[in-house]
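Both ligands and their constituent atoms are indexed starting at 1 by order of listing. Here the structure is a predicted model, which means the values were calculated and not measured.
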Amino acid sequence: MRDANPRTVYLKDYTVPDYLIQHVDLNFTLDEENTRVVSRLTMCRNPASRSSDTSLTLAGENLQLIRVVLNEDNELGDKDYLQTPDSLIIHDVPQQRSFVLTIENGIDPKANTALEGLYLSNGMLCTQCEAEGFRKITYFLDRPDVMADFTTTITADRDRFPVLLSNGNKVGHGNLPDNRHWVTWKDPFKKPCYLFALVAGQLECVEDYFTTVSGRDITLQIFVEKHDLDKCGHAMQSLKNAMAWDEQVYGREYDLDLYMIVAVSHFNMGAMENKGLNVFNTKFVLARPDTATDADYEHIEGVIGHEYFHNWTGNRITCRDWFQLSLKEGFTVFRDQEFTGDRTSKAVKRIEDVNMLRTRQFAEDAGPLAHPIRPDAYIEINNFYTLTVYEKGAEIVRMLHTLLGADGFRKGSDLYFERHDGQAVTCDDFVSAMEAANGADLSQFRRWYAQAGTPVINVAQHYDAAQKTLSLTLSQYCPPTPGQPAKEPLLIPITTGLINKDGSPALCRLQDGEAAEQVVLQLTQPEQTFVLADLNEEPIVSVLRGFSAPVKLAMNRPLDELAFLLSHDPDTFNRWDAGQQLAVQVISGLIVDYQDGSELAVNPLLIDAYKKVLAHPWEDLSYFSLLMTLPSELYLTEQMRVVDVEAIHYAREAVAKALAEQLREPLEALYLKHHRDESGQFDAGAIGRRRIKNTCLAYLARLDADWVQHWALQQFNSAKNMTDQLAALTVIVNHPHPASQQCLDSFYEQWRHEALVIDKWFTTQASSPLPGTFEKVLDLLDHPAFDIKNPNRVRSLIGAFSQSNPLHFHAASGQGYQFLADRILELNSLNPQVASRMVGALTSWRRYDEKRQGLMKAQLERIISTPAISKDVYEVAVKSLA
Ligand code: PHE
Ligand code: ZN
């Protein structure tokens, strides 16, 4: 646990490693409680190192050291090395030629509840090494710029561990006395140790193959527990889709002959891109129409793609150090977003991604933990797998794509792969490749990597009828963030279009440019004016199309102009966003009315705008559903200076109810039109029909009428797909319903053997706005199916309550805060990474009223003053109080 003063690591202190490892030969003798590891490292002094120290320091944690041997026969004694809680220092190693260091140590996977290193997940043994987990397996140079080739031999009991997996190709296997067997794996590609993986257990496998562009047949295997064999089809198809997409869009072919995926029930994150052997949270593999929702299907394809794409962006080319994390994550998220957009609906995918960015990442960027996508200091690197590094990182890559165009971007990525294959590099190397391939100067753009905070863009327009020009004056301002009081102006691409008053598009022509449907304005100055020519009348401007930059647009448009854009903007993102801004303005007015105790009367302009949306003949019903969805409570939270969770909830509910009452007929008709069960259908059409139908049901539920309750119950009882069943259950649990408990009980009985469905059961209850939810959450903690050692369960109950139920979590009494801090302290000693994630809900304390601020702060103070607090939890809590 924590030293008095946990050490901060700084980017500016980076130095090359003093030693290199060329070859790693690992030998595992597996046992749940006492696994033996023999690691034989072929090493040498790094010629690039400038240190004169002849000692060698290897990282290692929680290891029982058994012996150390230098060059095969020189067994080292106590005086030859020093063991510290997190390292092994060998006083003297050869400097002039390479040497072999053999280390034997023991580890206890069963005691490993942190799920980092080698651990037990539902009876199988598996590893998680990113970021610094390999040091919990054996002593090593655990840093990504040390790349080696690995050979791994695993020996284990044949019944307990019939399947033995590691990276690369299987090169040998055999039986041993005492019902034991062994397998040897060899990975021909050099890799950092964070990409090492080992899995052993009673696993079953689904197999398929993929033929690459160059005609190589790749064997694809998905390993799961036996009863999940019928839930692998979608993941397998997704993998094949991802392999084909990366060939087509990036010209990248898979390199090994085998690609394996293992699904594990106990996992801290979503999935892990270990070379040739991805380890996945079951949540992102298993799906059957009756157990997984349409959203789950989409997420599975996205995550399978994400991990597959890492093979080139992360594995073949990796990060020099962990400050460069966004090099692989930002780029790979951008790649998976585009993949999903191509596979589903580009418009819908973009809106979903921006929604998440604007609610969660903008909050992070505006709070005490704000950091650049390339941070410059950390205490615990696991705390930097953030929305900023991932999602904002992807937006930075997307801006390069926008600035350079698809062809220019592809030239840049080709050059990046060509220059750096087999290397551990920096974000700067990536930008340099983009620059060199395009003859571009991206020096100002590089500031996006170093500066935190969300820029605010102001737009002023002036039409000159005599000149027929429209002047757009854009300005940028980025508020201070911790450690960065003043910001430099950024290069911000702002895609802009024009619409005539009759709704037809107007062409955009910048001085001495060509006329086009839209232009990318490159804002580089604090304030800058762009002149658009040849405009016979003053057009309506559509700014930041496609959300071309991760910024806040401060444009206070009149409601009727927003309604106009909602009807006419040809840009699918801005059209949707106009509806969101319209709703935000109306709800914001009602928030004030609620606080004043006035009656909540909904502006008819909003009702009318939604009525028009309902009347339009949409083809993409998923997009239609998004247009019909009000901004979330969390997005509204972001718009308020002092957050008032009750006012937000009741004002938003008032609007939803008014829409349900006044648009009841079209909503009803739409529900009935699509309410037919289409289980097993996963094309965009069926997904869209389910989505719009369930959107209508959720509105109609606000009427609190018997007939709607009946519709919901009927849908719940007859649904054969999880999307419809869960949508009905959610409506039943979120609104007073006589059969609510009965439905929850029968759902539990139906799905008690499907852990991922039971997670949904917990989440649904923890997210309800109805009174009594807090007491329910307390009861659920004692439910036999609740297991604090399973991260998915923790997220489904504690995470959902604290992060997705603002009304109850922020109850004025402070009971929600105390509850969360209790759970964090309980988790702290079991799984610091998961505990640290849960602190997130308390870090935004400055956004609330004084009383809540005091209550939240008190819990944070209680957390940091706990003696055995982990550095994971400590870092987040202490920084949020600073
Ligand atoms: N590298 C993984 C991904 O983004 C995430 C991860 C990080 C998983 C750390 C486990 C531990 O795909
Ligand atoms: Zn990733």
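- In this structure, a donor-acceptor pair under 3.5 Å is present between the side chains of E380 and N382.
- Using a 4.5 Å heavy-atom cutoff, the side chains of F196 and V24 are not in contact.
- Every protein residue with a heavy atom nearer than 4.0 Å to ligand 1 is included here: Q128, E130, M269, A271, M272, E273, H306, E307, H310, K328, E329, Y385, Y390.
- When only modelled atom types and interatomic distance are considered, Q361 and E391 share no side-chain donor-acceptor pair under 3.5 Å.
- Note on E329: counted as a metal contact of the Zn ion (ligand 2), an N/O/S atom lying under 2.8 Å.
- For residues 193-206, the set of pairs meeting the side-chain hydrogen bond (donor to acceptor under 3.5 Å, both in side chains) definition, not counting sequence neighbours, comprises Y194-T318.
- In this view, Y297 and H234, F682 satisfy the ring pair (Phe, Tyr, Trp, His ring centres under 6.0 Å) rule, not counting sequence neighbours.
- With sequence neighbours excluded, the residues forming a side-chain hydrogen bond (donor to acceptor under 3.5 Å, both in side chains) with S121 are S265, listed by chain and number.
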